Amino acid sequence: MDVKFVTSAPDLAGRPELILPEFAFIGRSNCGKSSLINHYFRRTGMAKTSGKPGKTRLLNYFLVQDRYYVVDLPGYGFAKVSKKLRAQWWKLFRQFLTAQDRPLAVFQLLDVRHNPTEEDLEVSQWIQEAGLPYALAITKIDKVGTNSRNARYHEIIQTLDVAAETPFFPTSASKGLGRDDMRLWVNDLLDQSEEPE
Ligand SMILES: Nc1nc2c(ncn2[C@@H]2O[C@H](COP(=O)(O)OP(=O)(O)O)[C@@H](O)[C@H]2O)c(=O)[nH]1
Ligand SMILES: [Mg+2]
């Protein structure tokens with residue numbers, strides 16, 4: 001996969017000059033976001049894994065096949081983050097979601113082992129209210145037995161209270177699962193956005 005790191009933007013003004021569809025990856029700290037992004041890219045080390053949680057306040061832009069961006073958003077929900085940093089995170093997140101000046105779709109990542117938190121719910125609400133194309137990526141599915149996986153997906157989706165048609169992608173960066181279906185969704189959206197009116 002042809003992927004280039006473009007920029008780390010501290011705010012909306014720092015986004016790349018060239019406008020292309022953006023696919024944001026967003027999830028709680030430690031949910032497996034960096035691992036999933038690397039898996040999605042078929043790379044190791046593009047997105048930094050297990051950096052200092054709560055530290056990155058940046059929108060990291062990767063250009064994929066000269067066609068779209070993957071945007072790695074800072075993880076949320078890290079307990080030791082100050083109120084001030086938390087407020088900054090929400091501000092950037094809301095500005096990013098509601099900007100409406102660039103085509104944007106969102107993957108919200110959820111660890112298969114945990115029920116969604118209040119913050120996961122709030123993030124989900126904001127994404128839905130922004131009316132953006134929205135999919136869930138359930139991460140680390142190798143951590144639960146194959147027999148209980150469907151029950152876990154169901155519970156997570158129920159708790160989040162997302163629309164029934166919201167796509168969800170079971171993934172495991174460790175076992176190499178989920179990337180192909182995620183890319184199908186991405187490519188479908190890209191094809192739609194490139195169709196003449
Ligand atoms: N078993 C398993 N562990 C994973 C998977 N993805 C990430 N992890 C582990 O979960 C931890 C957090 O992963 P990381 O990608 O840094 O999460 P981030 O903080 O959301 O970027 C690390 O110890 C990873 O090795 C996965 O698919 N399966
Ligand atoms: Mg990370």
Side-chain angles (χ1 to χ4, degrees), residues 3-29 31 33-34 36-37 40-41 46-48 51 53-78 81-110 116-137 160-163 165-169 182-183 185-197:
V3 183
K4 298 177 203 92
F5 173 74
V6 182
T7 193
S8 286
D11 51 30
L12 295 196
R15 293 174 299 173
E17 235 164 78
L18 174 67
I19 295 182
L20 288 170
E22 302 183 1
F23 291 82
F25 283 60
I26 181 161
R28 239 186 316 152
S29 293
C31 72
K33 182 165 56 68
S34 301
L36 183 63
I37 291 173
Y40 181 86
F41 289 158
M46 281 301 276
K48 293 190 192 80
K55 234 197 146 199
T56 344
R57 302 292 95 183
L58 301 167
L59 311 168
N60 292 308
Y61 277 81
F62 299 90
L63 177 63
V64 185
Q65 285 161 330
D66 292 320
R67 199 173 177 210
Y68 65 95
Y69 296 112
V70 161
V71 190
D72 181 5
L73 264 77
Y76 55 86
F78 185 61
V81 166
S82 69
K83 264 201 178 140
K84 191 177 156 206
L85 266 185
R86 207 176 286 262
Q88 276 174 13
W89 186 92
W90 279 105
K91 188 175 167 209
L92 181 61
F93 169 67
R94 285 195 290 253
Q95 285 176 339
F96 178 74
L97 275 198
T98 57
Q100 305 283 356
D101 59 349
R102 297 176 179 219
L104 174 64
V106 183
F107 286 108
Q108 184 180 15
L109 279 51
L110 296 144
T117 62
E118 280 302 316
E119 276 179 308
D120 288 324
L121 285 163
E122 206 173 329
V123 164
S124 173
Q125 285 300 319
W126 274 95
I127 298 166
Q128 292 179 71
E129 277 165 32
L132 302 168
Y134 172 34
L136 307 177
L160 265 189
D161 197 23
V162 292
E165 64 273 16
T166 308
F168 73 95
F169 303 105
M182 290 172 70
R183 287 177 67 178
W185 187 70
V186 166
N187 285 322
D188 276 351
L189 284 173
L190 290 172
D191 290 344
Q192 284 169 34
S193 76
E194 285 163 8
E195 262 167 29
E197 295 285 298

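Nothing here was measured: the structure is a model prediction, and the numbers come from that model.
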Any side-chain heavy-atom pair of [X] and [Y] under 4.5 Å:
| X | Y | value |
| --- | --- | --- |
| Phe93 | Ile26 | yes |
| Leu59 | Leu73 | yes |
| Ile37 | Met46 | no |
| Leu121 | Leu160 | yes |
| Leu63 | Leu20 | yes |
| Leu36 | Met182 | yes |
| Pro10 | Leu92 | no |
| Trp126 | Leu132 | no |

Check your understanding: Quick one: do Glu194 and Arg67 make a salt bridge, cutoff under 4.0 Å?
Key -> yes

Exercise for review: Mind telling me whether Tyr76 and Trp90 have parallel, tilted or perpendicular rings, with 30° and 60° as the class edges?
Suggested key: tilted

Practice item. Take the angle between the ring planes of Phe25 and Phe107 and call it parallel below 30°, perpendicular above 60°, tilted in between. Key: tilted

Inter-residue atom distance [X].[atom1] - [Y].[atom2], 0.5 Å rounding:
| X | Y | atom1 | atom2 | value |
| --- | --- | --- | --- | --- |
| Tyr61 | Thr7 | OH | OG1 | 9.0 Å |
| Phe23 | Leu189 | CZ | CG | 5.0 Å |
| Arg28 | Leu110 | CZ | CG | 7.5 Å |
| Gln65 | Asn187 | CD | CG | 7.5 Å |

Check your understanding: Counting N and O atoms only, with roles assigned by atom type, does the side chain of Gln95 sit under 3.5 Å from a partner on the main chain of Asp11, one being a donor and the other an acceptor?
Key -> no

Practice item. Return yes if some donor-acceptor pair links the side-chain N/O of Trp89 with the main-chain N/O of Pro74 below 3.5 Å, else return no. Key: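 Such a contact is found between Trp89 side chain and Pro74 backbone.
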
If you look at every heavy atom in [X] and [Y], which pair is closest and at what distance?
| X | Y | result |
| --- | --- | --- |
| Asp120 | Gln108 | O-NE2, 3.1 Å |
| Arg102 | Leu18 | NH1-O, 4.4 Å |
| Tyr134 | Thr166 | O-CG2, 3.5 Å |
| Leu104 | Pro133 | O-CD, 3.3 Å |
| Ser193 | Pro21 | OG-CG, 4.2 Å |

Point to revise | Flag if over 12 foreign heavy atoms under 6.0 Å of CD, Gln100 | key: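 Yes, the 6.0 Å shell around CD holds more than 12 heavy atoms from other groups.
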
Point to revise | Lys4 atom NZ, over 12 foreign heavy atoms within 6.0 Å | key: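 Above 12, so yes.
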
Exercise for review: Assess whether side-chain contact (heavy atoms from CB on, under 4.5 Å) is satisfied between Val71 and Asn60, documenting all intermediate values.
Suggested key: CA-CA 5 Å; Val71 190; Asn60 292 308; over 6 Å; no

Exercise for review: Mind running side-chain contact (heavy atoms from CB on, under 4.5 Å) on Asp101 and Ile19 for me, showing each step along the way?
Suggested key: CA-CA 9 Å; Asp101 59 349; Ile19 295 182; over 6 Å; no

